Amino acid sequence: MPSLRSYVLTRFILMIPMILILLTFVFIILRVLPGDPASAILGPKASPEQKAEIREKLGLDKPIIFQYFSYLGGLLKGDFGRSMLTRRPVLDEILERFPATLELTIFSLLIAFILGLFLGVESSRRLGSSFDEAFRFYAVVVYALPVFWLGMMFQLLFGVKLGFFPVSGRISPLMEPEHITGLYLLDSLLTMNLASFLNSLKHLFLPSLTLGIVLSGVFLRLVRGNMVEVLRLDFIRAARARGISERRVLYRHALKNALIPVITMLGLEFALLLGGAVLTETTFSWPGVGTFLIMRIRYRDFAAVQGVIVFYALLVALVSVIVDMICAFIDPRVRY
Amino acid sequence: MEFRGIHILLKRLLKGRGGIALTVGGVILSFFMVLFIFAPLIAPYNPIMPVGYSFSPPSREFIMGTDNLGRDVFSRVVWGTRIALTIAFTATLFAALIGVPLGFISGYRGGIFDRVMSLIMDSIYSFPGLILAIAIAAVLGPGVVNISLSIATIYIPTYFRVVRNQVSSVKSELYVEAARALGADDWTILTKYIFRSVLPSILVILSMNLADAVLTEAGLSFLGLGAPPPTPDWGFDLSNGQRFILQNRWWMVFYPGLMIVLLTLGFSLFGEGLDERFNPRLKER
């Protein structure tokens, strides 16, 4: 039987072709398809000399194969290229905004997970009841909600009508905590800055609730489906026969086993989460990687756009490996 | 008598697996089909011309109010059905036209081709679809065809995966072996024996994909990557309306969004119903 270490190693090696394919795909989309980035950057009125100059600067005058390998070689050294707009390294610009995205995604995932877990378990125990039917409907409706529309409805209700929460931004001006990790909640806690903590929590609430609700439907279905399977097994009957309380049977014995397939799905959920985050960030003017991407598309800064897409690709690959490792760690059956 | 006829029809529809989902989804979709076909007759005003004061709240004259340019929100919402459905159908069909044949070849032939194709498709599948569509749409520029293409790209792997897996499991079934033993050629086996067993799954994904495509299209145009203005488009109208949200012009965002929700709901309910009816073993829980 292979050890955990060799499993992890194989998983890492398997990741390489996947990343390479994604990087090639990104290259094809952004470098081969658009025709002439020089005229895209300069606009239709640019002179041929200006275009030639830009092309030389970007290395576009060289053969496409050469460009491809210098792009891959650069990435290998951690060089994501330089922004055409600010002339700064794209990776630096992305990493500045990444904590904001991370904060939003963590909290959305947390909300989705808690909602999905609780509603899924409760539905599975009342199978076929009106509670179960209502939340099956909830899962379908929630999936159909455009995250940006739900965000606007929350802005109208909680921001404009009731005035409970700010409708945009990450924190009020001049309230930023000292920079340690870039995660405002964590930084303000570390520096014991309660005012900043509450202020950023207030800003975080509506965006993460919006994204969390939209994602909760998928979790609900997964948890419910797996719980139904597990609740049929003999060990559940045995636990009940031993007189263990129903809540303990559900949340301790059954949920533990039903959760493994849910965690396996987390990798795919993560892709959904990143896409949703772009829309949520735009809706709430959240200064993360998503708003950065959209802003740079408007400026036609394709170096930055390419950098962001590559960054997302690496992130997705990394998360899928981490998820697999967690699964292998908690469930030895995964490794065979 | 007529009433009883409808009653019996409803009963028949609701009976059986997934009946309720199929019926409700079907009703919603027919509603949108009517809007799609008769948009010019249903919309009371020209959707791209100012017809009243700016920011009129909903009234008898403008049942969903007017936007910042004094255009009728109701007329824009009705006309928006055309863009939404056109792009959703074009994108989905395009994805199916590429993904299904590739899945067939890959699953039927197997070998190196199958392994390479599966690896490529799995890689694309693992990437966040919306972000991929954003990148492609940004490069291709605005326009109905371009948006459809960028949305289609992200669904190709879905068709590929499902069709490939089904074909590779069906091809070793006894009845296919029997057909081969009787001397049927590859083409006959593929079209007559395998395609028939894969078709229900394709229909289910088609419907689910349409739901997703409506959302993706709305997302792209919300981000400013959709059909160019002044085309009536729900996603674009939402981003336009959001600028006036602090002034509480709720009608500019509420109604276009509601349409997106309804149309998506229609497709996904319909897809769920089809799934329950055609793939009963999956739903026996």
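Just so it is clear, the model here is predicted, and its values are computed rather than measured. In the text below, chain A, chain B and the rest are named by the order of the sequence lines, each starting its count at 1.
- Here the straight-line distance linking atom CZ of Phe222(B) with atom CD1 of Ile294(A) works out to 9.5 Å at 0.5 Å rounding.
- Heavy-atom pairs under 4.5 Å with chain B were tallied for Leu315(A), Ile19(A), Ile297(A), Val147(A); the largest tally goes to Ile297(A).
- Gly275(A) approaches Leu130(B) most closely through the heavy-atom pair O-CD2, 3.3 Å.
- Both the backbone and the side chain of Val141(A) come within contact range of chain B, judged by heavy atoms closer than 4.5 Å.
- At a 4.5 Å heavy-atom cutoff, the contact between Leu225(B) and chain A is made by side-chain atoms alone.
- In this structure, OG in Ser168(A) is found 10.5 Å from CD1 in Ile245(B), a value given to the nearest 0.5 Å.
- The CE atom of Met18(A) sits 10.0 Å away from atom CZ of Phe127(B), with the distance rounded to the nearest 0.5 Å.
- Counting non-hydrogen atoms of neighbouring residues, nucleotides and ligands closer than 6.0 angstrom, the CZ atom of Phe137(A) reaches no more than 12 such neighbours.
- When every heavy atom of Leu22(A) is checked against every heavy atom of Ser123(B), the shortest pair comes out as CD2-O, 3.6 Å.
- For the options Ile260(B), Leu246(B), Leu238(B), heavy-atom pairs under 4.5 Å to chain A are most numerous at Leu238(B).
- When heavy atoms are compared at a cutoff of 4.5 Å, Asp212(B) approaches chain A by way of both its backbone and its side chain.
- Taking the side chain as every heavy atom from C-beta outward, Val139(B) and Phe302(A) approach each other to under 4.5 Å.
- Within residues 151-158 of chain A, the residues having any heavy atom under 4.5 Å from a heavy atom of chain B are, by residue number, Met152(A), Met153(A), Gln155(A), Leu156(A).
- Heavy atoms closer than 4.5 Å to chain B are found in the side chain of Leu293(A), but not in its backbone.
- By number of non-hydrogen pairs under 4.5 angstrom with chain A, the leading residue of Gly241(B), Ser268(B), Ser239(B), Ala218(B) is Ala218(B).
- Only the side chain of Arg136(A) has a heavy atom closer than 4.5 Å to any heavy atom of chain B.
- Ranked by heavy-atom pairs under 4.5 Å with chain B, the list Ala317(A), Ala313(A), Ser320(A), Gly159(A) is led by Ala313(A).
- Both the backbone and the side chain of Ser126(B) come within contact range of chain A, judged by heavy atoms closer than 4.5 Å.
- Of all non-hydrogen atoms in Pro146(A) and Val261(B), the two that sit nearest each other are CD-CG2, 3.5 Å.
- In this structure, Phe25(A) and Thr153(B) have side chains that are in contact, with non-hydrogen atoms separated by less than 4.5 Å.
- Other residues, nucleotides and ligands contribute only 12 or fewer heavy atoms inside 6.0 Å of the CZ atom of Arg115(B).
- Of the two parts of Phe270(A), neither the backbone nor the side chain holds a non-hydrogen atom closer than 4.5 Å to a non-hydrogen atom of chain B.
- Smallest separation of non-hydrogen atoms from Ala135(B) and Ile309(A): CB-CD1, 3.7 Å.
- Ring orientation note: the planes of Phe254(B) and Trp149(A) are tilted relative to one another, at an angle of 30° to 60°.
- Contacts of Leu132(B) with chain A are made by side-chain atoms alone, with heavy-atom separations under 4.5 Å and no backbone atom involved.
- Put simply, of Gly266(B), Ala211(B), Gly224(B), Gly219(B), the one with the most heavy-atom pairs under 4.5 Å next to chain A is Gly219(B).
- Using a 4.5 Å cut-off between heavy atoms, Ile21(A) contacts chain B through its side chain alone, with no backbone atom that close.
- Between Lys161(A) and Asn248(B), the shortest heavy-atom distance links the atoms NZ-ND2, 4.0 Å.
- For Arg296(A), the salt bridge (charged side-chain N to carboxylate O under 4.0 Å, His left out) partners two or more places apart in sequence, or in a different chain, are Glu93(A), Asp301(A).
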Name the atoms and distances for all side-chain donor-acceptor pairs under 3.5 Å in residues 276-290 of chain A, with sequence neighbours left out.
residue, atom, partner, partner atom, Å
Thr280(A), OG1, Gly276(A), O, 2.7
Glu281(A), OE1, Gly290(A), N, 2.7
Glu281(A), OE1, Thr291(A), N, 3.1
Glu281(A), OE2, Thr101(A), OG1, 2.8
Thr282(A), OG1, Val278(A), O, 2.7
Thr283(A), OG1, Leu279(A), O, 2.7
Trp286(A), NE1, Ala100(A), O, 2.8

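- Atom OH of Tyr138(A) has more than 12 neighbouring heavy atoms from other residues, nucleotides or ligands inside a 6.0 Å radius.
- Tyr312(A) pairs by the side chain to side chain donor-acceptor pair (under 3.5 Å) definition with nothing, not counting sequence neighbours.
- Contact between Ala271(A) and Pro128(B) at its shortest, heavy atoms only, is O-CB, 3.3 Å.
- Proximity to chain B (any heavy atom under 4.5 Å) is restricted, for Val316(A), to the side chain, taken from C-beta onward.
- Heavy-atom pairs under 4.5 Å with chain A peak, among Leu223(B), Val214(B), Leu263(B), at Leu223(B).
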